Number of protein chains: 2
Amino acid sequence: MTTRWLTPEEQRAWRAYIAASRLLEDAIDRQLQQEGGMPHLFYSVLANLSDAPERRLRMTDLAETLKITRSRLTYVVTRLERDGLVRREDCRRDKRSSLAVLTDEGMAVLERTAPGHVETVRSLLFDRLTPEQVGQLEEICTGIARGLQGEATESGADDVPWRRRSSCPSSPPTPS
Amino acid sequence: MTTRWLTPEEQRAWRAYIAASRLLEDAIDRQLQQEGGMPHLFYSVLANLSDAPERRLRMTDLAETLKITRSRLTYVVTRLERDGLVRREDCRRDKRSSLAVLTDEGMAVLERTAPGHVETVRSLLFDRLTPEQVGQLEEICTGIARGLQGEATESGADDVPWRRRSSCPSSPPTPS
DNA sequence: TAGGTTTGTTTAAAAGTTGAACCAAGCCGT
DNA sequence: ACGGCTTGGTTCAACTTTTAAACAAACCTA
């Protein structure tokens with residue numbers, strides 16, 4: 001089959017997307033690096049832990065929600081542990097697993113860093129979007145993400161009840 | 001001022017965006033790495049050169065459109081040059097500048113690689129979007145990008161006529 | 001209990017990124 | 001034409017990140 005090239009509209013959208021995502025990620029990384037001394041990914045780990053029940057998550061689950069390899073996560077958590085922001089704990093149910101736990105210091109850093117981060121996200125992204133566009137963005141992205149989920153993980157549903165996490169964030173929302 | 005936290009809608013949109021962009025970039029990198037032996041950024045360099053007039057671009061301009069530092073671009077172009085896909089040429093008008101030129105071999109690699117890449121972009125992204133959503137995505141992203149443009153580059157318009165590039169891609173559209 | 005799978009880490013190598021320093025070339029006012 | 005400032009691009013060294021393969025321990029299942 002001959003290649004179905006992108007239509008002009010698609011091409012414009014694609015290029016715009018590339019530019020925007022690159023710029024956005026750079027800006028956020030820069031801000032977080034300056035004010036928090038860590039890259040976005042590190043922050044995301046803290047944030048995800050912070051609104052997990054008990055402030056702890058299995059490495060594998062965390063890797064899965066962050067969409068990174070376990071190997072990569074090991075590296076990140078080791079760095080965070082070195083800085084005292086995260087601590088590892090053994091899982092009682094499954095002795096293979098280890099849990100990453102947000103320490104008090106980690107929580108403090110997060111609370112100190114979150115406002116600036118949120119402000120950045122807001123000013124760079126949401127302040128430039130109408131409410132409709134926010135909805136559109138969510139819909140577009142969830143669609144894309146859903147499609148890409150199964151790509152790596154063959155079958156979709158290996159649910160284990162006891163490691164289901166609540167989807168409702170806690171009081172101080174600390175994005176991403 | 002107390003932090004304006006993200007609304008639940010914004011939070012959902014933000015998380016969805018993070019996940020989608022991470023997954024998408026990973027998938028594209030993986031595909032390009034496998035079938036083209038290069039990461040997305042390298043491909044982007046080739047693609048941008050391919051539809052520039054004369055298949056050549058000043059380093060600074062290229063860096064600007066790719067939204068990366070000149071230093072980083074130097075690294076990329078050096079690698080591509082090593083592989084014979086790109087060649088450097090002196091600029092006659094401004095002896096400080098150097099031009100990155102797509103070689104025939106580079107063009108060949110691009111033409112061999114483009115279909116797979118486009119197919120990936122299409123299947124992962126555009127096949128999951130309605131035509132309206134394509135439009136929405138473009139609008140959202142151009143808005144974001146425009147906002148972020150000036151952030152680094154103070155004033156907006158240092159136009160130099162002779163280094164204006166046409167915005168209309170050539171016949172075989174080789175995205176991003 | 002044997003055999004396969006999942007979890008998480010280790011390791012070494014490669015890759016990428018940064019930032020400062022630097023040089024050469026252009027620009028500009030006097 | 002002379003200094004001094006700016007721009008374009010590269011270099012270099014340190015550092016961070018990423019990958020992939022190999023591994024061990026714990027689990028699971030028949």
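None of the values given here were measured: they were computed from a predicted structure. In what follows, every chain begins at residue 1, and chains take the letters A, B, ... in the order their sequences are listed.
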Discussion item. How many whole angstroms separate atom CG of A/L32 from atom P of C/dT18?
Written reply: 15 Å
Fill in: With sequence neighbours excluded, residues passing salt bridge (charged side-chain N to carboxylate O under 4.0 Å, His left out) with B/R4
A/D127
Discussion item. It should be established whether B/R58 places a side-chain nitrogen or oxygen under 4.0 Å from OP1 or OP2 of nucleotide D/dG8.
Written reply: yes
Item to complete: Applying side chain to side chain donor-acceptor pair (under 3.5 Å), name anything that partners A/T69, two or more places apart in sequence or on another chain.
Response: none
Worksheet item: B/V45 pairs by side chain to side chain contact (heavy atoms under 4.5 Å, CB included) with which of B/I68, B/L102, B/L80?
Response: B/L80
Fill in: Which residues share a side chain to side chain contact (heavy atoms under 4.5 Å, CB included) with B/E54, sequence neighbours left out
B/R56
Worksheet item: What integer distance in Å separates B/R70:CZ from D/dT7:C1'?
Response: 7 Å
Item to complete: Using atom CZ of B/R72 as one end and atom P of D/dT11 as the other, report the distance to the nearest whole Å.
Response: 19 Å
Fill in: Atom-pair distance (CG on B/L73; C1' on D/dT10), nearest Å
11 Å
Fill in: Spacing between A/M59 atom CE and D/dA26 atom P, to the nearest angstrom
17 Å
Item to complete: Answer with base, sugar-phosphate or nothing: what part of the nucleic acid does B/S71 contact at a heavy-atom distance below 4.0 Å?
Response: base
Practice prompt. Would you kindly give the NE2-to-C1' distance between B/H40 and C/dG16, to the nearest whole Å?
Written response: 16 Å
Anything under 3.5 Å between a donor and an acceptor, one on a side chain of residues 31-38 of chain A, the other on a protein residue two or more places apart or in another chain? List them.
from	atom 1	to	atom 2	distance (Å)
A/Q31	NE2	A/E35	OE1	3.2

Quick one: which protein N/O atoms are closer than 3.5 Å to N/O atoms of nucleotides 24-29 of chain C? Pair and distance per line, please.
from	atom 1	to	atom 2	distance (Å)
C/dG26	OP1	B/K95	N	2.9

Worksheet entry | Under the side chain to side chain donor-acceptor pair (under 3.5 Å) test, residues paired with B/E138 that sit two or more places apart | A/R12
Worksheet item: What integer distance in Å separates A/E64:CD from C/dT6:C1'?
Response: 12 Å
Discussion item. Let's see if you get this right: which residues in residues 74-90 of chain B place a heavy atom under 4.0 Å from DNA chain C?
Written reply: B/Y75, B/R79
Worksheet entry | Set of residues satisfying side chain to side chain donor-acceptor pair (under 3.5 Å) with respect to B/E25, sequence neighbours excluded | B/H40
Item to complete: Verify the distance criterion only: is there a donor paired with an acceptor across the side chains of A/E9 and A/T7 at less than 3.5 Å?
Response: yes
Worksheet item: Does A/R87 have any side chain to side chain donor-acceptor pair (under 3.5 Å) partners at least two apart in sequence or in another chain, and if so, which?
Response: A/E89
Item to complete: Give the rounded distance in Å between these two atoms: CZ of A/F42 and C1' of D/dT18.
Response: 12 Å
